[in-house]
Amino acid sequence: MDGTGQFSLEGAYPPDFYGRSTLKVAHDLLGQYLVVREGQRILAGRIVETEAYIGEDDPACHGHRGRTPRNAVMFGPPGLAYVYFTYGNHFMLNFVSEKEGFPAAVLIRAVEPTTGIKWMIKRRGVTDPDRICRGPGNLTVALGINRSFNGLPLAGPRLLVCRNPARRPPIKTSGRVGVNEGWERPWRFFFRDHPCVSAYRKGTKTGRKE
DNA sequence: GATTGGATCTACT
DNA sequence: GTAGATCCAATCG
């Protein structure tokens with residue numbers, strides 16, 4: 001089976017799913033399929049780790065200093081992909097949430113690869129399935145996600161988020177990874193004990209307070 | 001126009 | 001545990 005039937009547009013979440021509380025969206029996204037279509041090729045995996053970035057009051061949210069060309073998609077309608085480049089070498093994949101005009105998004109931090117694994121291995125140069133999509137920078141490499149995905153709908157031909165009816169493992173929360181201000185908010189969601197979840201790292205700034 | 005720091009990863013000590 | 005890679009957007013002058 002090629003997986004195209006399993007990941008049909010009919011199984012995708014509509015924008016309404018994203019136009020809710022970001023914390024609910026981040027929680028509900030765990031376990032669902034993230035699907036990338038490259039022509040006939042399908043790359044997919046189960047989302048196992050997310051983080052919420054919510055509004056101008058959240059110092060870690062890109063939208064907290066207002067709208068700029070870079071973060072404009074965050075202010076747009078829910079249900080779109082917000083992809084940005086950081087640290088000189090990494091793309092980050094986010095899903096825009098809440099209502100239009102309110103800057104919020106869910107960062108996809110880790111995925112358990114399920115379909116097209118051999119292509120992901122080729123891109124990553126790593127063979128351990130647990131490590132292929134562990135970490136937000138790694139999963140965008142594995143799935144071939146780049147700047148051209150910014151603003152794409154999450155129920156479209158290239159990008160798709162589909163419901164997975166399987167029962168979900170226990171969900172845990174924690175502070176967000178790599179965040180210096182606002183890190184104490186428990187806005188990271190992940191499957192407990194799942195091997196594909198990224199390691200927790202504190203904010204990198206040396207001056208970070210406890 | 002220059003500076004600074006970042007929602008990271010890997011490799012090395 | 002810590003450093004270096006590497007680029008871009010935001011900020012300041």
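Computed from a prediction, not measured in an experiment: that's the story for all the values here. Sequence lines set the chain letters: A, B, ... in the order given, protein chains first and strands last, and positions in each chain run from 1. As a basis for the values below, the full set of heavy atoms in this structure was taken, side chains included, without hydrogen atoms, waters or symmetry mates.
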Report task. Mark yes or no for a side-chain to base donor-acceptor pair under 3.5 Å between A:Y84 and B:dA7, with no hydrogen or angle criteria applied. Result -> yes
Query raised in the report: For the pair made of CG in A:N180 and P in B:dT4, what is the distance, rounded to whole Å?
Result: 17 Å
Requested in this report: Report yes if a side-chain nitrogen or oxygen of A:R134 is closer than 4.0 Å to either non-bridging phosphate oxygen (OP1 or OP2) of B:dC9; otherwise report no.
Outcome: no
Requested in this report: Identify whether any heavy atom of A:N94 sits under 4.0 Å from a base atom; if not, whether one sits that close to sugar-phosphate; answer base, sugar-phosphate or nothing.
Outcome: base
Query raised in the report: Going by heavy atoms closer than 4.0 Å, what residues in residues 144-152 of chain A are next to DNA chain B?
Result: none
Query raised in the report: Quick one: is B:dC9 close enough that its OP1 or OP2 comes under 4.0 Å of any side-chain N or O from A:R201?
Result: yes
Requested in this report: Measure from CZ on A:F95 to C1' on B:dA7 and round the result to the nearest Å.
Outcome: 15 Å
Query raised in the report: Which string of ( ) [ ] | and . matches DNA chain B, if you list each base 5' to 3' and count Watson-Crick or G-U pairs only when both distances are under 3.5 Å?
Result: ||||||.|||||.
Report summary line: Out of C:dC7, B:dG6, B:dC9, minimum distance to the side chain of A:F85 belongs to C:dC7
Taking distance alone, no hydrogens or angles, what donor-acceptor pairs closer than 3.5 Å link side-chain atoms of residues 155-164 of chain A to residues at least two apart or in another chain?
unit_1, atom_1, unit_2, atom_2, d
A:R158, NH2, A:S148, OG, 3.1
A:N164, OD1, A:A166, N, 3.1
A:N164, ND2, A:G31, O, 3.0

Query raised in the report: A:N150 side chain to A:V83 main-chain N or O, any donor-acceptor pair under 3.5 Å?
Result: yes
Query raised in the report: Whole-Å distance between B:dA7 C1' and A:M92 CE?
Result: 6 Å
Query raised in the report: Between residues 63-80 of chain A and DNA chain B, which residues have a heavy-atom gap below 4.0 Å?
Result: A:M74
Query - Side-chain donor or acceptor of A:N71 paired with backbone N/O of A:G66 under 3.5 Å - result: yes
Query raised in the report: Which is true for A:G88 with a 4.0 Å heavy-atom rule: it touches a base, it touches only sugar-phosphate, or it touches nothing?
Result: base
Report task. Return yes if some donor-acceptor pair links the side-chain N/O of A:R123 with the main-chain N/O of A:A142 below 3.5 Å, else return no. Result -> yes
Query raised in the report: Do A:H64 and A:Y53 have a side chain donor and acceptor closer than 3.5 Å?
Result: no
Query raised in the report: Do A:H90 and B:dA7 share a donor-acceptor pair, side chain to base, under 3.5 Å?
Result: no
Query raised in the report: Does A:F85 have any ring pair (Phe, Tyr, Trp, His ring centres under 6.0 Å) partners at least two apart in sequence or in another chain, and if so, which?
Result: A:F91
Query raised in the report: Do A:S198 and A:R134 have side-chain N/O donor and acceptor atoms under 3.5 Å apart?
Result: no
Report task. Quote, to the nearest angstrom, the C1' distance that separates B:dG5 from C:dA3. Result -> 16 Å
Query raised in the report: Looking at the side chain of A:N89, which of B:dT8, B:dA7, B:dG6 is the nearest nucleotide?
Result: B:dT8
Query raised in the report: At under 4.0 Å between heavy atoms, what does A:R188 touch on the DNA or RNA strands: base, sugar-phosphate, or nothing?
Result: nothing
Query - side chain to side chain donor-acceptor pair (under 3.5 Å): pairs with one or both residues in residues 96-105 of chain A, sequence neighbours excluded - result: A:T22-A:S97, A:T22-A:E98
Report task. Please confirm whether A:R188 makes a cation-pi placement over A:F190, using NZ or CZ under 6.0 Å from the six-membered ring centre and within 45° of the ring normal. Result -> yes
Query raised in the report: Going by an N to O cut-off under 4.0 Å, is there a salt bridge joining A:D193 and A:K172?
Result: no
Query raised in the report: Parallel under 30°, tilted from 30 to 60°, perpendicular over 60°: which one fits the rings of A:Y13 and A:F17?
Result: parallel
